[in-house]
Amino acid sequence: MKTDDLIDVLSADLAPAGHLDRRLMLWMIPAALVVLITVGLWLGYREDLMAAMRGPVFWAKAAYTIAMSVGGFWLLDRLGRPGASPRAPLMLLATILILVIGMALYELAVMPMPERMPAVMGDSAQVCAPNIALLSLLAAPFVFWAARAFAPTRPMLAGAAAGLLTGGLATTLYGLHCPEHAAAFVAVWYTIGMAVAVAGGALIGRLAFRW
């Protein structure tokens with residue numbers, strides 16, 4: 001069977017775009033609730049949460065993780081439609097990463113040398129990425145169940161996109177617990193946590209998105 005014929009077969013039974021996107025967004029609601037409750041019961045919300053939400057740092061961290069989750073959603077949407085190009089969401093994700101890394105490098109450049117390593121490590125470097133990965137794992141069943149309605153021709157890459165979606169969601173809600181504020185910390189450990197979710201998603205996608 002030729003590639004074009006295969007794409008036509010996969011597309012034939014695929015639901016309309018809006019229906020699939022709504023299905024995925026609806027299933028993200030219970031995923032977010034599970035992660036939110038878990039953060040509260042397991043890790044606890046930061047004591048200064050209300051004060052932190054009035055400052056720019058809290059929302060800057062959230063903007064990064066939400067943008068990554070949105071990018072993962074968009075990438076999954078494109079990969080889940082045979083013949084659709086993933087170039088635009090990949091470019092968006094690359095731009096986000098470049099901006100965050102640039103901000104981190106600038107912060108370190110203007111910082112006195114003795115303060116640089118503490119800024120990168122913070123007080124929770126050892127637990128940050130593992131916590132994010134575990135929270136992402138809790139959200140994964142909801143997202144992957146909803147995404148089974150898609151028809152990706154590249155299951156592992158689609159799984160990685162779903163992993164990024166869950167990782168961004170989990171990291172955003174993890175921010176309700178995490179008091180770290182340095183851009184360097186966020187650029188390193190938040191990104192590693194999401195990268196673990198991406199890797200896990202790729203492995204799950206290899207099985208979950210088989211036709």
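When a residue number appears, it is its place in the shown sequence, counting from 1.
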Q: Would you list the pairs meeting salt bridge (Lys or Arg N to Asp or Glu O under 4.0 Å) in which at least one residue belongs to residues 37-62, sequence neighbours left out?
A: Arg46-Asp48
Can you check whether [X] reaches [Y] side chain to side chain, under 4.5 Å on heavy atoms?
X: Leu36; Y: Leu176; answer: yes
X: Phe185; Y: Ser124; answer: yes
X: Phe142; Y: Met28; answer: no
X: Met68; Y: Leu97; answer: yes
X: Phe73; Y: Asp21; answer: yes
X: Leu135; Y: Trp42; answer: yes
X: Trp74; Y: Leu165; answer: no
X: Thr172; Y: Tyr190; answer: no

Would a single hydrophobic cluster contain both [Y] and [X], if residues Ile, Leu, Val, Met, Phe, Trp and Tyr are joined by side-chain heavy-atom contacts under 4.5 Å?
X: Leu137; Y: Trp27; result: no
X: Val198; Y: Ile204; result: no
X: Val35; Y: Leu134; result: yes
X: Leu108; Y: Val57; result: no
X: Met103; Y: Phe58; result: no

For [X], all residues meeting side-chain hydrogen bond (donor to acceptor under 3.5 Å, both in side chains), sequence neighbours excluded:
X: Asp123; answer: none
X: Glu107; answer: none
X: Thr38; answer: none
X: Thr95; answer: none

To the nearest 0.5 Å, what is the distance between [atom1] ([X]) and [atom2] ([Y])?
X: Leu207; Y: Met156; atom1: CG; atom2: CE; value: 9.5 Å
X: Leu49; Y: Met53; atom1: CG; atom2: CE; value: 5.5 Å
X: Leu173; Y: Ile132; atom1: CG; atom2: CD1; value: 11.0 Å
X: Thr166; Y: Met194; atom1: OG1; atom2: CE; value: 11.0 Å

(Q) Going by salt bridge (Lys or Arg N to Asp or Glu O under 4.0 Å), name the residues that satisfy it together with Arg78, two or more places apart in sequence or in a different chain. (A)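 Counting only residues at least two positions away or on another chain, Arg78 forms no salt bridge (Lys or Arg N to Asp or Glu O under 4.0 Å).
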Q. According to the ring pair (Phe, Tyr, Trp, His ring centres under 6.0 Å) rule, which pairs have a member within residues 152-174, sequence neighbours left out?
A.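 Of all non-adjacent pairs touching residues 152-174, those that pass ring pair (Phe, Tyr, Trp, His ring centres under 6.0 Å) are Tyr174-His177.
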Closest non-hydrogen atom pair between [X] and [Y], with its separation:
X: Glu180; Y: Gly122; answer: OE1-CA, 3.5 Å
X: Leu76; Y: Ala161; answer: N-CB, 3.6 Å
X: Gly71; Y: Pro89; answer: O-CB, 4.2 Å
X: Arg23; Y: Ala146; answer: NE-O, 2.9 Å
X: Pro114; Y: Pro118; answer: O-CD, 3.3 Å
X: Ala31; Y: Leu169; answer: CB-CD2, 4.1 Å

**Q.** Members sharing Ile101's hydrophobic cluster (side chains within less than 4.5 Å)
**A.** Leu105
Q) By side chain to side chain contact (heavy atoms under 4.5 Å, CB included), which residues pair with Ala187, not counting sequence neighbours? A) Val100, Ala104
Q: Check side chain to side chain contact (heavy atoms under 4.5 Å, CB included) between Leu41 and all other residues, then give those that pass, not counting sequence neighbours.
A: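 Per chain and number, Leu41 pairs via side chain to side chain contact (heavy atoms under 4.5 Å, CB included) with Ile37.
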Q: Check for a donor-acceptor pair, side chain of Thr191 on one end and backbone N or O of Val188 on the other, with a separation under 3.5 Å.
A: no
Q. Are Thr171 and Tyr64 close enough that a side-chain donor and a side-chain acceptor fall under 3.5 Å?
A.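 The criterion, which ignores hydrogens and geometry beyond distance, is not satisfied for Tyr64 and Thr171.
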Q) Do Trp189 and Met121 pass the side chain to side chain contact (heavy atoms under 4.5 Å, CB included) test, and can you show the C-alpha distance, the side-chain angles, and the key distance before you say yes or no? A) CA-CA 8 Å; Trp189 302 109; Met121 301 303 294; 3.9 Å; yes
Q: Could you check Leu24 against Asp77 for side chain to side chain contact (heavy atoms under 4.5 Å, CB included), going step by step and ending with a plain yes or no?
A: CA-CA 9 Å; Leu24 184 54; Asp77 176 77; over 6 Å; no
Q) So does Tyr45 have more than 12 non-hydrogen atoms from other groups sitting under 6.0 Å from OH? A)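 More than 12 heavy atoms, drawn from other residues, nucleotides or ligands, come within 6.0 Å of this atom.
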Q) Can you pull the side chain to side chain donor-acceptor pair (under 3.5 Å) pairs that have at least one residue in residues 129-147, sequence neighbours excluded? A) none
Q | Residue list, ring pair (Phe, Tyr, Trp, His ring centres under 6.0 Å) with Phe144, at least two apart or on another chain | A |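 Testing Phe144 for ring pair (Phe, Tyr, Trp, His ring centres under 6.0 Å), a comparison that skips the adjacent residues, returns Phe209.
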